[in-house]
Amino acid sequence: MKFRKYFRGSGRVLAFVFIASVIWLLFDIAALRISFNDVNQDLKERDIVLKQRRNKGNVDDVFKHPLQKVNVEKREFFKNKKRFEKKVDEVYRKWPKFRTEPQALLNNDKHLNSMLMEQKEVINQSKGNLTVKSPVKGTIISISPKTNETKTEINGKVNSISAKMNKINAAFGQTEANLDVKAHLLTKALTAVQEKVDSPALKENTVEKVNHTNDTLVMSHKKVDSGLQNNLSNDFLKPTKTDKPNNIIDNREKHVNTYNKTKPDITKKPVETAHSPSVRLRRSGELHKVMTLDATDLPRDPRAVGQFGQAASVPRDKELESRRRWSEGYFNVFLSEQIPIDRAIPDTRPRTCSENLVHDDLPNTSVIFCFVDEVWSTLLRSVHSVLNRSPPHLLKEIILVDDCSTKDYLKGQLDVYMSQFPKVQIIRLKERQGLIRARIAGASAATGEVLTFLDSHIECNVGWLEPLLERVYLDRKKVVCPVIEVISDKDMSYMLVDNFQRGIFRWPLVFGWSALPEEYIRKNQVKDSDPIRCPVMAGGLFSIDKNYFYELGAYDPGLDVWGGENMEISFKIWMCGGEIEIIPCSRVGHIFRGDNPYKFPKDRVKTVERNLARVVEVWMDEYKEIFYGHGYHHLLDKSVTDIGNLTEQIQLREKLKCKSFKWYLENVYPDLDAPLVKAEGVIFNVGARKCLVFQNGIFSFDKCELANKSQQFSYTWLRMLRQNTSCLAPQETQIIMEPCDNTKPHLRWMHKSGKGLTEHVMIESHSQPICLEAGVKAGIYLKNCDPINTFQKWQFTHYYAQ
Ligand code: UDP
Ligand code: MN
């Protein structure tokens, strides 16, 4: 009742005014809070970035690797096994012929013998005129020597080839594709014979090309004896050198063949042969269709878990175990163990890829897998996919670099297992070096002409290698990446990704994928098998000419553990005269994981940040401010972050005469938004309705003149208010100009365009909100921030970023 009297007569008015003021005050406080929140947004950005990096795993959310929708249909399709088996060729086009079983052929003597007879017959019959025919595709080589010595020599060779062919027959079994590959081998062998007996100058005219089919060759490791393996990978496929004087040289004309030559159709080539100055000149220049090899311990069980890249599922009673084991690799380790280590996966190449021609004399490669605490089954599957699907003569070796793993099975057990494969060698690092230095160690042991780096949880698809090597062959400064497809971390299914994806980065150097714009594809008639130039590579999987890798100074060895190395090598390649491409005809699946199963010796976030800072300092010139401005100011504080010595890296850039980052942005990645400052132009004060002037060491206000140099300021990524090389600095209640220095926090000001306090210019380093205010008459002061004081509101002519 007592209160009532206040609500009568003039008291009522007073009460109303009082309540209204309280409400007004509350609103005001709220507005102030919102404004501060807004201004502080920048600081939050950093947290978001860091958080993203910590949870990098979810492929769809963070990595943004675009999966093709067709997968969903496929998974449905897999449910109906019968339909699946019948239609599998249709879905996957060049499906490995899992029903061809050499074992069965070998057991079936009648069949095998008749096959061998047929083979011998072809060769024997042809001995008279020394024309050897492929059992599948007709004539492959024809030599007509006139001298008896040559005849004898060739007869001898043909006999030994015939014996080798028998071995191949026994080992490979009969499919049209196999016979065709045998024909290819035979061609190669006979080319060698020919080289020996004929003048090299005649070689071109005497060998007819083999037309290869696109089918997959299936061969068995177990049944190929080591002698044959050596033959396959070494001399059998390579022409032998002429080592003695040729006694038939005078008859050379007579050796020239008379049959109709069929030259390979190079117009069908997928890759342009535009030769840059760095083109490798090689001897043969002959071409063949990309081989679609898939060697495996046959027969494959079509019902095996995860076979053909199908999604696998965990049985009910194993769910707990599967969940428990997840952290061993941060993917479904339990399922991975159930899946055959040589499972088939769908041939996901664009249709035209298997028609592509590549050179006969591609450079060979050393495949380097660095690993630390990798899961056994995935490591093996990675290695087998390379052994099984790479043409043996192009695979010089596989180097496994153990980056000081802690798991026992990666020691003796791995040594024993890998000792079966002469091409595999293991290097053990005594101390944990991190991915980058481990790769450098692997490269230094490599003897191949090209280095191919792969992650240790991948599956190379059929035909993956030749298209990569072809590009390096055409231009040794091309650094090439396969399309990285996705092996699901949850169900281990092999998933296609969308076409036309480029590797790009967004600020602050976050790697991602982006599709070529449709209009660009249409305008340039880009085919789905065309190489795609990439501003940056994903980093894990690529081939590079070994000498070129060293010319580029390999990796910066100062980069630790993981992260940033893909940016470093990408900038280096582009800026120092090379190119990065994704080759759609080369496909490799990779398990994208939610977390790293290995430890970072130091803090994970700090390690990555430090690596990035090294890259940025060496390569990004003035654009490095954009990086630091996206939540990485703290890296500039040398007392907190020691990024180490950069002298060698900077010298390397000078020595290689690399181009500027500006050039890189303009020529390689023009679509990146990279304004050098956040805002610039004149600074208009809303209350004074005039612009800030700094002239002869004095601040004043004047009529705004866009062309007036003393009115020009910029608001930098490091939040400095800059004019030329001087920056606005607070001094008690006034301001002065100081030489700009990105490492000095007291030069930083908070400012945003927009409503409320966002137009204010607030000192960043103070705990109290202190703002820049234009004096009513003149001068410029520091005052407590007041959201509605228009003399505290400032506007730049241009804002490029918030
Ligand atoms: N790796 C290494 N040492 C390290 C960190 C990573 O050898 O200190 C290996 C790791 O086993 C893998 C490759 O480097 O084979 C790439 O690492 P990861 O797969 O974790 O990178 P992501 O694919 O997640 O980018
Ligand atoms: Mn990986």
Side-chain angles (χ1 to χ4, degrees), residues 42 45-46 49 53 502-512 514 533-537 539 552 556 558-559 563-580 608-638 641 643-644 646 649-654 656-681 712-725 727 740-744 747-748 796 798-802:
D42 278 5
E45 276 169 18
R46 189 185 145 222
V49 169
R53 274 155 198 257
R502 292 187 311 156
I504 55 145
F505 70 86
R506 297 185 198 97
W507 299 110
L509 291 191
V510 181
F511 178 82
S514 108
R533 285 155 52 100
C534 290
V536 288
M537 64 160 91
L552 286 176
D556 168 9
L559 301 177
E565 87 292 344
N566 60 330
M567 298 291 156
E568 195 234 359
I569 201 148
S570 301
F571 297 154
K572 195 188 273 189
I573 291 165
W574 280 114
M575 289 164 65
C576 311
E579 283 173 73
I580 300 171
V608 177
E609 285 181 356
R610 182 184 168 279
N611 286 352
L612 288 174
R614 280 185 76 87
V615 176
V616 160
E617 285 297 331
V618 176
W619 297 100
M620 285 181 53
D621 307 326
E622 65 273 32
Y623 292 86
K624 68 185 177 191
E625 288 201 9
I626 311 182
F627 166 79
Y628 289 120
H630 279 80
Y632 283 120
H633 299 70
H634 60 288
L635 294 177
L636 290 160
D637 187 346
K638 299 280 176 285
T641 316
I643 66 167
L646 293 173
Q649 301 307 308
I650 292 166
Q651 277 172 358
L652 177 81
R653 188 176 157 179
E654 279 162 19
L656 295 174
K657 299 198 172 52
C658 306
K659 298 193 179 86
S660 66
F661 199 74
K662 186 167 188 284
W663 174 90
Y664 166 82
L665 288 180
E666 282 168 4
N667 294 279
V668 183
Y669 194 11
D671 38 327
L672 179 71
D673 201 19
L676 275 169
V677 290
K678 284 180 131 185
E680 67 183 355
Q712 290 290 321
F713 292 86
S714 51
Y715 184 51
T716 74
W717 282 102
L718 289 156
R719 304 200 190 107
M720 316 227 155
L721 291 161
R722 187 170 69 193
Q723 186 175 79
N724 304 321
T725 54
C727 283
C740 297
D741 182 344
N742 282 341
T743 64
K744 292 190 172 154
L747 298 177
R748 293 186 193 140
F796 275 90
H798 305 288
Y799 286 89
Y800 303 114
Q802 282 295 347

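Side chains are part of it too, since the values below use all heavy atoms of this structure and drop only hydrogens, waters and symmetry mates.
- Not one N or O on the side chain of N611 forms a donor-acceptor pair closer than 3.5 Å with the backbone of L559.
- The structure places CE of M620 at 9.5 Å from CE of M575, a figure rounded to the nearest 0.5 Å.
- Distance check: C658 SG to R653 CZ gives 6.5 Å after rounding to the nearest 0.5 Å.
- Looking at every heavy atom in both residues, F661 comes nearest to D621 through N-OD2, 2.9 Å.
- Distance check: M720 CE to Y715 OH gives 10.0 Å after rounding to the nearest 0.5 Å.
- Between I504 and R506, the shortest heavy-atom contact is CD1-NH2, 3.9 Å.
- By the 4.5 Å heavy-atom criterion applied to side chains, V510 and H630 are not counted as neighbours.
- Judged by distance alone, with hydrogens and angles left aside, the side-chain atoms of Y664 form a donor-acceptor pair with the main-chain N or O of P535 at under 3.5 Å.
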Side chain to side chain contact (heavy atoms under 4.5 Å, CB included) evaluation trace for R502 with D671: CA-CA 12 Å; R502 292 187 311 156; D671 38 327; 2.6 Å; yes

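- Contact of the I643 side chain with the L635 side chain is not registered, since no non-hydrogen atoms from C-beta on lie closer than 4.5 Å.
- No side-chain donor-acceptor contact under 3.5 Å links Q651 to the backbone of Q649.
- Remark: K638 NZ is packed, more than 12 non-hydrogen atoms of other residues, nucleotides or ligands lying under 6.0 Å away.
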Might you work through the side chain to side chain contact (heavy atoms under 4.5 Å, CB included) test for F511 and M567, ending with a clear yes or no? CA-CA 8 Å; F511 178 82; M567 298 291 156; 3.9 Å; yes

Show, in sequence, the C-alpha distance, side-chain angles and deciding distance for E579 and W574, and conclude whether the side chain to side chain contact (heavy atoms under 4.5 Å, CB included) test is met. CA-CA 5 Å; E579 283 173 73; W574 280 114; 3.6 Å; yes

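- From L656, atom CG reaches atom CD of E654 across 10.5 Å, with rounding to the nearest 0.5 Å.
- Judged by distance alone, the side chain of E680 and the main-chain N or O of F796 form no donor-acceptor pair under 3.5 Å.
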Does the pair V616 and Y628 meet the rule for a side chain to side chain contact (heavy atoms under 4.5 Å, CB included), with working shown? CA-CA 9 Å; V616 160; Y628 289 120; 4.1 Å; yes

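- A pairwise comparison of heavy atoms in W507 and A674 identifies CZ2-CB, 3.9 Å as the closest pair.
- The shortest side-chain heavy-atom distance between T716 and E625 falls under the 4.5 Å cut-off.
- Residues K662 and E666 are in side-chain contact: their nearest non-hydrogen atoms beyond the backbone lie under 4.5 Å apart.
- Residues N667 and R533 share a closest heavy-atom pair of O-NH2, 3.9 Å.
- A distance of 11.5 Å separates CZ in R722 from CG in L747, rounded to the nearest 0.5 Å.
- Looking at L552 and I573, their side chains come closer than 4.5 Å, going by heavy atoms from C-beta outward.
- The SG atom of C576 sits 11.5 Å away from the NZ atom of K657 when rounded to the nearest 0.5 Å.
- For the pair L636/L718, a side-chain contact is recorded, criterion being any heavy-atom separation below 4.5 Å from C-beta on.
- Taking the six-membered ring for Trp and the full ring otherwise, F505 and F571 have centroids separated by under 6.0 Å.
- Heavy-atom minimum distance, N742 versus R748: O-NH2, 2.9 Å.
- With F627 as reference, Y632 is the one residue of W717, W619, Y632 to meet the ring pair (Phe, Tyr, Trp, His ring centres under 6.0 Å) rule.
- Side-chain N or O atoms of D741 include one that pairs as donor or acceptor with a backbone N or O of T743 at under 3.5 Å.
- Between D556 and R614, the shortest heavy-atom distance links the atoms OD2-NE, 2.8 Å.
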